[in-house]
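Have a look at the structure below before the remarks.
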Protein chains: 2
Amino acid sequence: MRPLIEMTNQTTILDPKLEQTVSQLRCIECGAVHKSASRTLRCPSCGDLLEIIYPAWKTSGGRAAGLNASELKALWRQRRSSRAAVDQSGVWRFREVLPALASGHEAITLREGNTPLYEMPRSARIAGVPHLYAKHQGMNPTGSFKDTGMTVSASFARQEGFRWVACASTGNTSASMAAYAARGGMRSLVLIPDGKVSWGKLSQALDYGAVTCQLKTDFDGCMRVLNEVVERMPVYLLNSINPYRLEGQKTAAIELLEQCDWQSPDHVIVPGGNLGNSSALGKAFLEMRELGLISRMPKLSVIQAEGANPLVRTVRETSGKRLIPVQAETMATAIRIGHPASWKKAVRVLEATGGTVEQVSEIEIAQAKAEIGADGVGCEPASAVTLAGLKKLVKQGFVKPSETVVLVLTGHLLKDPEFTLKFHRGDLFSGTPLESQAAILAAHERAPIVLDASADAVVKTLEQAETLADEP
Amino acid sequence: MRPLIEMTNQTTILDPKLEQTVSQLRCIECGAVHKSASRTLRCPSCGDLLEIIYPAWKTSGGRAAGLNASELKALWRQRRSSRAAVDQSGVWRFREVLPALASGHEAITLREGNTPLYEMPRSARIAGVPHLYAKHQGMNPTGSFKDTGMTVSASFARQEGFRWVACASTGNTSASMAAYAARGGMRSLVLIPDGKVSWGKLSQALDYGAVTCQLKTDFDGCMRVLNEVVERMPVYLLNSINPYRLEGQKTAAIELLEQCDWQSPDHVIVPGGNLGNSSALGKAFLEMRELGLISRMPKLSVIQAEGANPLVRTVRETSGKRLIPVQAETMATAIRIGHPASWKKAVRVLEATGGTVEQVSEIEIAQAKAEIGADGVGCEPASAVTLAGLKKLVKQGFVKPSETVVLVLTGHLLKDPEFTLKFHRGDLFSGTPLESQAAILAAHERAPIVLDASADAVVKTLEQAETLADEP
């Protein structure tokens, strides 16, 4: 019997003249080029991060040899209506600009990518920019942008013969890694700090069958142990410095440009945590210009929480020369990172695209999250920094009202229901200063109302709600 | 400046010869045909449920006048690569077989549908059917299949001029309704029983801005109050008997057939709660055969939890003649329904397709959920009844090993992280009889392990995990 799905996930590029994806690993600091990475994924020469480059693209004056821009656009679009799993993936359908798996090796895919670009009419009015959109990476299979990177890195882990993959993570990364490992027939190992981790965040990793070790140490301690483990055991490291993950994540930017019919928006605004995602999206914009698919770069700006603002401080206090790590504290847990691994890459993206940095308070994050929700689009708190930051950038004049803005939402609303409940019940900011009461009161309008079981009571509530403005 | 998205969501069918979607409402019991529904969405003549029919389809001997099967297949496929929001929706791209919005009215869409069909290799080995797939409706924007129906019913609510929509619901329906209402610029009202509802299930409705009333009554009491409210106030009822919701939900079956290249699978297995979804999917299979898009019907079977098995009892004890309601109790909350509204429609689908019913225990549900997870595909407990039921149907010989089976997963893993955590920590079935220990022990293998912060300890754990079979 013929299978329902065309099972092959082979990414071999059928048109040989498009076969340009011979890739190399290059150190971002010393520039040394390597065929493969060390177990810790750092430059064997100087220890800094690696990035993936495509030397063939350089051979014809900035344009890639054989890669014709309009052919690529047509091919990528056409694959959307294909039945092959590898074409249905919103990552692998862009495989001409990804590292190629060796012949006979298949991609591990959960049909990641192809996420919606939503118009955001209410948020637009609040921010004062009529042309506002949200690229929702939380609509990926495990609910966060991590999936787009994991499909690539997990596929390479399996190609290299690894039976185990591992990360130190407490949230979205472990969920995504465990799913792709299971999908690819590999085992996965998650190291978490004992007692300092929300169990809710691990339910996905457990469901997908990860081996989860709680270590009696903090997060940095977990990373140290993991780096030792990967040196001693055949375990593939899937932390955010993995350059294959960033190659997958960059496809979100390519897809965004495609959704804009290859007319770059003026601004793309991204939450800043470990800064791998900002780096990946920026890399994509630069590569798309290099390949002639766009003529103009969007400005990529990064927003952080005030309590986890190492990039903001690094840019403002050292002009991006030296990382200023911080002790991170924010309720937006997905960006609660004080020592971001990819800070150098992110600084370069800011400089290359002309973007900026900004920071926002906890109340501004909560308020922005509710405003995004009122557009019918849920997200996790870390994603909401984008709208909160945009409001400031508009006030500062960095973003003009006539400009087109895309917010990158990185995680699904269901990743953190606790935050939402607490906010609307008014528990999130109890004890905060008076000047914040307005925001808190606005939140209370959505708190549940206890009523007698009578239509009269409900009708009265409806009539009261009608008299309140439903627009902020 | 040209907008990034083609903003029009107008569903007007461009090719006039395809304009066949003049629909009517017909009572499933007395057959009376109505132009519109009463406020309570029931037949004004006899009070039973209504269904949407397309009289024009009958005019040319079972084939729809003007609707050519191969043209439809090509058109629906081609829309996948369109930039228009209404084509990107996995519901509205099938608009030739949906009720048509009036000219000038737009669809409210969150790019629902277009959900993946996953091959399920591990679950297939466990169930003993090599050709096993999962159609994952939990990959919809708010995390459940409800979105595919809500985009249609909310669009019609707005077309009819309603400013308010309402439902009595404690879970997926309220989340979806609130999102589409917000998206469409309408307000939403959720009635829930006081003190009997998990707050987590409502975080989505709150985020999307629903007015939430906790009534001092039970769920049936909420429904009674709501029916009175919709008679007195201009509020549109979005409960599961809404026939427009079912029209949207049926597109999942059409999309499934498309993913199978219009070769029907032998079996489609669906969780049974209020039975609207089973009814909708069955309606689609019947219509697709009527329109000549498939030549053979899949058998549609419905699985319920033992503690919420009214359809199983109705079929077995009355041959589907009379509903046997039950006091529902199951941890699979999405199907904890004792008095299913759409039972008559579901019975007719079982008879028309040759499907069957089965019931499964709480432990079987939990075990099946973990097995689906091990394929890298998470789901909520209610969805896992499909795999648990399939195992029984294979043992009974109703499903043959050579046959192709599709499980319909209805909700995302993140809808109920609590269940997953409890299961893997062994808390879910503490105190259950000895014969269930095997399942519980299997679960424990994934429980987190507390270790000293040393690579030695982690390496030892890895070595132990290696010696355990990673295949069930």
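Chain A is the first sequence line, chain B the second, and so forth, proteins listed ahead of strands; every chain is numbered from 1.
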What part of [X] is in contact with chain B, defined as an atom under 4.5 angstrom from a non-hydrogen atom: side chain, backbone, both or neither?
X: A:L189; answer: side chain
X: A:R232; answer: side chain
X: A:L462; answer: both
X: A:T461; answer: side chain
X: A:H136; answer: neither
X: A:N114; answer: neither
X: A:T115; answer: neither

Residue, of B:P130, B:C379, B:G378, B:P116, that accumulates the most heavy atom pairs under 4.5 Å with chain A: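 If we count pairs closer than 4.5 Å to chain A, B:G378 comes out on top.
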B:E258, part contacting chain A, at a heavy-atom distance under 4.5 Å: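 Contact with chain A involves the backbone of B:E258 alone.
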Which residues in residues 221-229 of chain B have any heavy atom lying under 4.5 Å from a heavy atom of chain A?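 So far as heavy atoms go, B:V225, B:E228, B:V229 are the residues that approach chain A to under 4.5 Å.
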Test item: A:L110 and B:V377 side chains (from C-beta on) under 4.5 Å apart, heavy atoms: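 A:L110 reaches B:V377 side chain to side chain.
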Distance-only, no hydrogens or angles: does the A:R83 side chain make a donor-acceptor pair with backbone N or O of B:C260 under 3.5 Å?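 Checked: no pair found.
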Between B:E466 and A:R187, does any NZ, NE, NH1 or NH2 come within less than 4.0 Å of an OD or OE carboxylate oxygen?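 No, A:R187 and B:E466 are not salt-bridged.
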Can you name the ring pair (Phe, Tyr, Trp, His ring centres under 6.0 Å) partners of B:W164, sequence neighbours left out?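 For B:W164 there are no ring pair (Phe, Tyr, Trp, His ring centres under 6.0 Å) partners, ignoring immediate neighbours.
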Provide the closest heavy-atom pair for B:R183 versus A:D375 in the form atom of the first, atom of the second, distance.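 Heavy atoms only, the tightest pair is NH1-O, 2.7 Å.
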